[in-house]
Number of protein chains: 2
Amino acid sequence: MSNPAGQRRRGPGRPGYDQATVLRRAIELFNRKGYEGTSMGDLAEELGFSKSAIYHHVPSKTHLLAQALDEALDELTVVIREAQDESAGSAYERLRSVVRRSVEVLVAHQPAVTLLLRVRGNSEVELEALRRRRWIDARLADLVRAAAQEGAIRDDLPPDLVSRLLFGMVNSLIEWYRPEGEMSATVVADAIATIAFDGLTKRPS
Amino acid sequence: MSNPAGQRRRGPGRPGYDQATVLRRAIELFNRKGYEGTSMGDLAEELGFSKSAIYHHVPSKTHLLAQALDEALDELTVVIREAQDESAGSAYERLRSVVRRSVEVLVAHQPAVTLLLRVRGNSEVELEALRRRRWIDARLADLVRAAAQEGAIRDDLPPDLVSRLLFGMVNSLIEWYRPEGEMSATVVADAIATIAFDGLTKRPS
DNA sequence: GTCTATATCCTGATAGAC
DNA sequence: GTCTATCAGGATATAGAC
């Protein structure tokens, strides 16, 4: 915490991490081994010091989880807020835009979003995160419904089902996307939009 | 094990469960609370007897997980085998068919497949399951590549990316689909095929 | 087939020395 | 700010009575 950059502090001495760095490494571990499958001992080992020293940086394991889930939820909430601004275009345009923005958030905050999407509701922190997530999902469904009512997208499929499948495809990114890979967020977002809105089948056009 | 139907055995006496029933309830709990978040004590409580009595039915917690993952992997492997039979039609036809069959398996074996899709590689059992799953994913990508080479689906998107997104959409079913709901596997499979192959955008047609 | 009791280990978290 | 030592509780799994 005396070290905003998360780097080594003094010439000699132990590593020294700030809160943000500890959080980042914790989320990494939670995703690799699962939250319950990761012990504070594991995290200590990862950071290179003893188990008890962690509690100098962070109040509890639960607090680490809460911070991570908030990071993801706050970012996704911003995307929803943008999509609710009707002056930004038709529902169809805003739906395409929210797909793109969601991909951007998933890519930029992949570890935190991954953690969020795996939450099961095992504690009060997780239940609260699930509540916020359900609110987001409901707003996405609203947008799909509005686009269907505009006549912009097909109305022969239940909007709730379309919403689940469309954002199911978006969310599946977290299973394989790695920012250090060669695929940019733009390429992925374009591919999702192309598949979802234009379809895979080749057309004469 | 003396009770193939998983029902009460004698008039008087304790419930009495067979292996299959214990496994089914275990998978249910693993999905609700996570595998690591579920203790054998939780499972005992769910089944209505003491913690230690479970070990009369099942050798270990790990064994329960292995059985569940095998159930899912065996079913998905059958789907892949079917799709590899080139006499069954063009790659495009087989791709559409494998999407439908995957949905059927996800719906019929939803709890086991859910567990499989959440495995992180935390133990030897999980690592072996991940190996088998990666093999399946690779065969699905082969099929998408073949369909693109046939000229049946668009070739302006990387086949590996298409495969990940397409089956990401299929797999996202496990997050919300409940067999007791009003949506049949057929409706869901049709919706996925329509979105993925024809697209959401309304066309003059 | 289920129970109580127990063995052994690991968990999140704290106390206090340096 | 990190350490060793420790706590109380819970984990998987086993032993042996009934």
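A note on names: the letters A, B, ... follow the listed sequences, proteins ahead of strands, and every chain is numbered from 1. This one's a predicted model, so the numbers in the text were calculated from it and none came from an experiment. Side chains are part of it too, since the values below use all heavy atoms of this structure and drop only hydrogens, waters and symmetry mates.
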Participant: I need the CG-P distance between Leu65(A) and dG12(C), as an integer number of Å.
Facilitator: 13 Å
Participant: Please state how far atom CZ in Phe49(A) lies from atom P in dT2(D), giving the value in whole angstrom units.
Facilitator: 6 Å
Participant: Among side-chain atoms of Asp18(A) and Thr21(A), is any donor-acceptor pair under 3.5 angstrom?
Facilitator: yes
Participant: Taking atom C1' of dT4(D) as reference, at what distance in whole Å does atom NE2 of His56(A) sit?
Facilitator: 17 Å
Participant: Can you list every side chain to side chain donor-acceptor pair (under 3.5 Å) pair that touches residues 176-197 of chain B, not counting sequence neighbours?
Facilitator: Arg100(B)-Asp190(B)
Participant: Between N or O atoms, less than 3.5 Å apart, protein on one side and nucleotides 9-13 of chain D on the other: list the pairs.
Facilitator:
residue	atom	partner	partner atom	Å
dT12(D)	OP1	Met40(B)	N	3.2
dT12(D)	OP1	Lys61(B)	NZ	3.2
dT12(D)	OP2	Met40(B)	N	2.8
dT12(D)	O4	Lys51(B)	NZ	3.3
dA13(D)	OP2	Tyr55(B)	OH	3.1
dA13(D)	OP2	Lys61(B)	N	3.1

Participant: Ile54(B) has an atom CD1; how far is it from atom C1' of dC3(C), in whole Å?
Facilitator: 13 Å
Participant: Please check: side-chain N/O of Glu150(A) versus main-chain N/O of Tyr92(A), any donor-acceptor pairing under 3.5 Å?
Facilitator: yes
Participant: Without decimals, in angstroms, what is the distance between Leu29(A) CG and dT11(C) P?
Facilitator: 13 Å
Participant: Does dC3(D) have OP1 or OP2 under 4.0 Å away from a side-chain N or O of Ser50(A)?
Facilitator: yes
Participant: Does a side-chain N or O of His57(B) approach OP1 or OP2 of dT2(C) to a distance below 4.0 Å, or not?
Facilitator: yes
Participant: Indicate every side-chain donor-acceptor pair of residues 69-80 of chain B with a distance under 3.5 Å to a residue at least two apart or in another chain.
Facilitator:
residue	atom	partner	partner atom	Å
Asp70(B)	OD1	Arg132(B)	NH1	3.3
Glu71(B)	OE2	His109(B)	ND1	2.8
Asp74(B)	OD1	Arg132(B)	NH1	3.4
Asp74(B)	OD1	Arg132(B)	NH2	2.9
Glu75(B)	OE2	His109(B)	NE2	3.4
Thr77(B)	OG1	Leu73(B)	O	2.6

Participant: Taking the side chain as every heavy atom from C-beta outward, state whether Thr114(B) and Phe30(B) have any pair of such atoms under 4.5 Å apart.
Facilitator: no
Participant: Determine, for Tyr35(B) and Arg118(B), whether the Lys NZ or Arg CZ falls below 6.0 Å from the six-membered ring centre while staying within 45 degrees of the axis.
Facilitator: no
